[in-house]
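Let me begin by presenting the structure, written as structure tokens, before commenting on it.
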Amino acid sequence: MAVCIAVIAKENYPLYIRSVPTQNELKFHYTVHTSLDVVEEKISAVGKSIGDQRELYLGLLYPTEDYKVYGYVTNTKVKFVIVVDSSNTSLRDNEIRSMFRKLHNSFTDVMCNPFHNPGDSIQSKTFDGIISGMMVQTG
């Protein structure tokens, strides 16, 4: 399961970042923001090829010694980043894809809320609950 999940706006500012354990939060913020360069690189590379038929799932952005960073971009250029522990070898690519689908669906639900202003940080208890279910359970 994920150790950090982030939703980044089109303009590259965080709408939502949650990490477990919380003492590594600054490290995960750095990891997420460094991954944005790789996301932009992959988006521009795909944009030059087959027009608008791009895959939303970007796959493994980069591995580090301790973590693997995966990316996903919506049609509106909102970026999702999931960081998983490298020691979790049982996590397959299709499971990561389903996590991103679940995240995208719950993000869409938040955006459809008439009381949410697009561009504001996400403050939804339902969204928090879905993210909690996707996170590594510690303790």
To the nearest 0.5 Å, how far apart are [atom1] in [X] and [atom2] in [Y]?
| X | Y | atom1 | atom2 | answer |
| --- | --- | --- | --- | --- |
| S98 | R92 | OG | CZ | 10.0 Å |
| N113 | T108 | CG | OG1 | 12.5 Å |
| S35 | K42 | OG | NZ | 11.0 Å |
| L61 | E41 | CG | CD | 10.0 Å |
| L103 | I82 | CG | CD1 | 5.5 Å |
| I131 | S124 | CD1 | OG | 10.0 Å |

Any side-chain heavy atom of [X] sitting closer than 4.5 Å to one from [Y]?
| X | Y | result |
| --- | --- | --- |
| I96 | K68 | no |
| M135 | M1 | no |
| I17 | C4 | yes |

What residues form a side-chain contact (heavy atoms from CB on, under 4.5 Å) with [X], not counting sequence neighbours?
| X | answer |
| --- | --- |
| T64 | Y62, Y67 |
| N117 | D120 |
| S90 | N88 |

Please tabulate, for side-chain N and O atoms in residues 8-16, each donor-acceptor pair with protein atoms closer than 3.5 Å (sequence neighbours left out).
| unit_1 | atom_1 | unit_2 | atom_2 | d |
| --- | --- | --- | --- | --- |
| N12 | OD1 | K79 | NZ | 3.1 |
| Y13 | OH | G119 | O | 3.1 |
| Y16 | OH | D128 | OD1 | 2.4 |

Please report the closest heavy-atom contact between [X] and [Y], naming both atoms and the distance.
| X | Y | result |
| --- | --- | --- |
| V78 | V7 | CG1-CG1, 3.8 Å |
| H116 | V110 | CB-O, 3.6 Å |
| I130 | S106 | CD1-CB, 3.5 Å |

| remark: The complete set of salt bridge (charged side-chain N to carboxylate O under 4.0 Å, His left out) pairs with one or both residues in residues 97-111, sequence neighbours excluded, reads E55-R97, D93-R97

| With sequence neighbours left out, which residue pairs that include part of residues 25-38 fulfil the salt bridge (charged side-chain N to carboxylate O under 4.0 Å, His left out) condition? | K27-D66

| task | Examine F100 together with Y70 and report whether their ring centres are nearer than 6.0 Å. | result | no

| query | Going by the angle between their ring planes, with limits at 30° and 60°, are F107 and F80 parallel, tilted or perpendicular? | reply | perpendicular

| field | Path from Y30 to V32 over hydrophobic side-chain contacts below 4.5 Å | value | no

